[in-house]
Amino acid sequence: MYTDLHLHTHFSDGTYTPEFLAAEAKRFGLVAIALTDHDTIEGCDRTQVACEDLGIEFVAATELTAEFKGTEMHLLGYFIDTKHHSLLQEMARFQEVRQNRIREMVARLIALDLPITEEAVFTLANCNSPGRPHIARALIEAKVCRSVDEAFERFLKKNRPAWVPKFKIDAVDAIALIHEAGGLAVLAHPLLIRRDELIPELVEAKLDGLECYHTRHTPSISEHYELLADQYGLLVTGGSDCHGMNKGKPLIGSIKLPYENIRRMKSRLAVSHPSRLVPEPSGTY
Ligand code: AMP
Ligand code: ZN
Ligand code: FE
Ligand code: FE
């Protein structure tokens, strides 16, 4: 019984619909999945329904773009209440600044005489939480670039001509917001941050878990983070970070986290937010 707790849909920068994502989860034999779109929970309702139809357990989640001591980090919020007022308010703010950032970046590309428009990017993105991968795809459609990587290398990555810094919520506030919305806060792909020395301070800020298993983590890296999680009394989570076709190839199925890890998350939730506990679907377990 395996799960994947890090997945994206077209509600942020993935390419899958919620229905296709659930069908893929079924095809790979997953018994539970979490949807972790960037700074939005808009895909959760549909994914929940699609999962129910296929007998898959669904965990409502998000991946918040945060910052701590000058370092960007992503905080996963699991089992959140997707109707929570402050959470929705914060996400609306996130989406507005994301859209403004896209406008600024497109303006810079236009200033370089490139054949791209805001409208082309927003139409292609077709979501409220757009990001640089959508601009990359618009540049490919406009035949300016041949690949997403090329678009990032030439224009979109930090300090390239179209780059504009991104709004990030302070990690301590992100953890508090996730808790306020009834969820568990987990540090995503710690290897990509490479600031293990910050983990104790995040633990002080009540971080609940570490994403030890991720497509970019080698087995020895996962083991390293398992040991850290154990040392700090943190939950162990994992997921593929599948963006559909947006990262070259679909990654769902590449990480199989034992269902036991979800049970441990629920045990922690039973202590921190007893009212949030979701009954396990009857039958298979
Ligand atoms: P944004 O939210 O606009 O900052 O875009 C972040 C997304 O862009 C994430 O999904 C990253 O994986 C992706 N990304 C970041 N850097 C690169 C890169 N050099 N090549 C391809 N994708 C990237
Ligand atoms: Zn993404
Ligand atoms: Fe991330
Ligand atoms: Fe992600």
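Indexing begins at 1, ligand by ligand and atom by atom, following the structure's order. Predicted, not measured: the structure shown is a model, and the values here were computed from it.
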So, is H8 placed with an N/O/S atom under 2.8 Å from the Zn ion (ligand 2), counting both backbone and side chain?
no
Among the N, O or S atoms of D241, the one nearest the Fe ion (ligand 4):
OD1
With respect to the Fe ion (ligand 3), what is the nearest N, O or S atom of H74?
ND1
Is D37 close enough to the Zn ion (ligand 2) that one of its N, O or S atoms comes in under 2.8 Å?
no
Once rounded to 10 degrees, what value does the angle at the Zn ion (ligand 2) take between OD2 (D13) and NE2 (H38)?
110°
Between R98 and D39, is the closest basic N to carboxylate O distance under 4.0 Å?
yes
Spell out, as yes or no, whether a donor-acceptor pair under 3.5 Å connects the side chain of H134 to the backbone of S12.
yes
L202 and L187, any side-chain heavy atoms less than 4.5 Å apart
yes
Between H6 atom NE2 and E63 atom OE1, the angle centred on the Fe ion (ligand 4) rounds (to 10°) to 90°
T65 backbone acceptor or donor facing K168 side chain under 3.5 Å:
no
I'd like to know if the side chain of D208 and the backbone of A185 have a donor-acceptor N/O pair within less than 3.5 Å.
yes
To the nearest 0.5 Å, what is the distance between CD1 on I80 and NE2 on H179?
12.0 Å
State whether H38 contributes an N/O/S atom found under 2.8 Å from the Fe ion (ligand 4).
no
